[in-house]
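What you see is a predicted model, and the numbers here were worked out from it, not measured in a lab.
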Amino acid sequence: MSLPPDFEKRVRRVALENAVEHAGSAGVGPVVARLLATDPSVRTQAAEVRTLVSTVVAEFRGLPVAELEDRLAALGGAEPERAKEAKPEGAHFPELLGAIPGKVVLRMAPFPSGGLHIGNGRMLFVNQYYKTRYHGKLLLVFDDTIGSEEKRVETEFFDMILGDLELAGIQPDEVRYKSDLIPRHYPWARRVIEKGGAYVCRCPAELLRDNRLHSRACPERSQTSEETLEEWDRMLANAYAPGEAVLRLRTDLADPDPAFRDRVLFRISDLDHPRVGHRFRVWPLLEFSWAVDDVELGVTHVIRGKDLVVEDRMERFIWDLLGIQGPPFLHWGLLRVREAKVAKSKAYREVKSGIYDGWADPRTWSLRSLDRRGISMDALREFTLSFGLSLADIEVPAETLYAENRQRIDATTVRRSFVPDPVKVEVEAYPFDLSHVTLPNHPDRIELGTRRVRAGPSFYLAHRDVAAHAGAEVRLKDLINLRLPGEVPGPGGTLSATFTSRPNQRLPRLQWVGATEAVPVDVLGVDGAHSTGVGEAELGSARPRDILQFERVGFVRVEGDWMPGTRPLRVVYGHP
């Protein structure tokens, strides 16, 4: 998919406007954020938008402001302020079938095996959206069936998920636990058996899979209802060990979907449950449990991912068998953030093993990790809802979410100087009167004030910048011009440079940090790796959970458990 034909012209106009506002230096991030925020049609192509913006900004870099103004005037001047487009509710969020305002009951059903992650966004925000739209109720029902050896229910995850909901601004009207509802399921199983809809199967798992694949019936499938009831009572009376018997739904063995052929309704487990211990040995599988609970709990509409259509069929099959009218289903397609490799089972293993730094490790892409990076839940909500309720699977780059967050934090986030992998530079003939310089805390927000920054004659520059401009004349941003030597030491080394002049010239601009009182900084990246650098002395006044913008690096958040005054300052990278 290509960008709209006239989109490049708008990119140039917005980039020129940004460059004129910032003394000739346009910012790629703010330009991308504005374009994505005011034109939802290109949000799924955020990566392409950023590439185009980077190219255009590079084309304008170094041009005099007067020339930039002339070019902007030729394109019609600054474009009129665009209001951020609202979500067209009717088109993207259809009416709930038969919904009565004030009577709608929805449910969320997380399995308590880990924290909620970015992939759970639609479950949270779409259900909350419809709850608000219809003035209804939203139930949180923990799907805490017994699980398996590989996927265990653990006590800590109940409170963790409740904390995640609070973080996301979601307030369920009731909190229920499937493990408390198990006694309700047994009478339903009996009714299904009496209708001839189920049988107790004792086939080994391998034989069962082969029979289902080839549409063959197992010997027990011919049981009468009376025989199945006897076997069912034996299951409840602990006559069978785990794996020896299951209650199976009797469906069409020739069903086009092998997964729907005679699916399991109940199984036996001796695993210890963190809430009910060994009170129950015969546990329903999720499809059967929801056929029961969606009716028993009074759920009026089920809104969930289209990957659960087999579960829909199971519920409807059971309701039809028993002559029950269950709630309708509404689905969404998969919404995937390209860079987010979300796998709760993998995250569980890595957290338990200590490879990940808990559930807030950036690699989990959990809600807690996004908050740790300074990405607001309001931004995640807007990002999630901006795609509506489409059945189409959508994959977007993380930049789309970042642009949404940038809109919220850019105007109130102070700028600070930081250089990674620093090289110390001693400047010969440095002007004695430039020991300090006053810089704005934000290039556009005068109300955020200024700070007095310690300058030379000793500076830290990023090794990559020094290496890229070895032997060249460069400008230290907002300060002086100097000439670098041709030989460049590695990170941590020292070199001598020569002062050349003060006036702002068309030279490469380098970020710098005054060496006196520089603050060591540890940066935790999205990939879980730590990198180091130094920042300006003003970082010494940072506080836990502050959001800052490191110039030429991006937005970061100070770690919540960092102790003010300790070194290094510990921050987590958010996004560009």
Side-chain angles (χ1 to χ4, degrees), residues 19 22-27 58 60-65 414-443 450-523 531-542 548-554 567-569:
H22 296 88
S25 181
F60 297 150
R61 187 173 293 124
L63 294 179
V65 173
V414 297
R415 274 48 172 172
R416 294 292 181 256
S417 300
F418 167 82
V419 295
D421 300 324
V423 171
K424 191 172 185 180
V425 178
E426 302 285 353
V427 180
E428 298 175 0
Y430 183 81
F432 69 89
D433 60 330
L434 279 182
S435 61
H436 292 82
V437 62
T438 299
L439 299 176
N441 284 323
H442 192 292
T450 61
R451 81 269 194 195
R452 192 163 182 261
V453 177
R454 188 66 180 260
S458 298
F459 297 90
Y460 286 116
L461 304 182
H463 178 265
R464 65 189 179 199
D465 289 343
V466 174
H469 301 287
E473 187 177 10
V474 298
R475 179 165 182 80
L476 300 192
K477 184 175 176 290
D478 302 315
L479 192 61
I480 62 167
N481 306 316
L482 56 80
R483 184 171 297 280
L484 294 170
E487 298 295 324
V488 178
T494 302
L495 58 81
S496 293
T498 305
F499 169 80
T500 56
S501 63
R502 296 194 188 195
N504 189 2
Q505 299 183 31
R506 293 180 59 179
L507 297 170
R509 285 169 169 75
L510 305 189
Q511 190 66 48
W512 56 272
V513 168
T516 305
E517 301 176 3
V519 175
V521 180
D522 178 274
V523 182
S531 59
T532 58
V534 292
E536 63 178 77
E538 190 69 17
L539 289 176
S541 62
L548 310 166
Q549 188 186 86
F550 283 175
E551 296 188 80
R552 295 191 63 202
V553 175
R567 297 292 185 269
L569 171 67

Determine all donor-acceptor pairs shorter than 3.5 Å in which one atom belongs to a side chain in residues 462-469; sequence neighbours excluded.
residue: H463; atom: NE2; partner: P489; partner atom: O; Å: 3.1
residue: D465; atom: OD2; partner: R552; partner atom: NH1; Å: 2.9

Heavy-atom closest pair, residues [X] and [Y]:
X	Y	value
G535	V521	N-CG2, 3.9 Å
K424	A515	CE-CB, 4.0 Å
G456	Y430	N-OH, 3.3 Å
L434	A455	O-CB, 3.3 Å
P422	V534	CB-CG2, 4.0 Å
S417	L539	O-CD1, 4.3 Å

Can you tell if the side chain of [X] reaches within under 4.5 Å of the side chain of [Y], non-hydrogen atoms only?
X	Y	result
N504	R475	yes
V453	W512	yes
E487	L495	no

Are the side chain of R483 and the backbone N or O of V474 linked by a donor-acceptor pair below 3.5 Å? no
Parallel, tilted or perpendicular: which describes the rings of F418 and F550, with under 30° parallel and over 60° perpendicular? parallel
How many angstroms lie between atom [atom1] of [X] and atom [atom2] of [Y], to the nearest 0.5 angstrom?
X	Y	atom1	atom2	answer
L569	D522	CG	CG	9.0 Å
R416	E551	CZ	CD	9.5 Å
R502	Q505	CZ	CD	13.5 Å
D478	Q511	CG	CD	8.5 Å
L479	L439	CG	CG	8.5 Å
L482	S501	CG	OG	9.5 Å

Check this for me: does any side-chain nitrogen of one of R454 and E517 sit under 4.0 Å from a carboxylate oxygen of the other? yes
Derivation of the side chain to side chain contact (heavy atoms under 4.5 Å, CB included) call for L476 and L461: CA-CA 9 Å; L476 300 192; L461 304 182; 3.8 Å; yes
Scan N481, T498, T500 and name whichever one has a side chain to side chain donor-acceptor pair (under 3.5 Å) with E473. T500
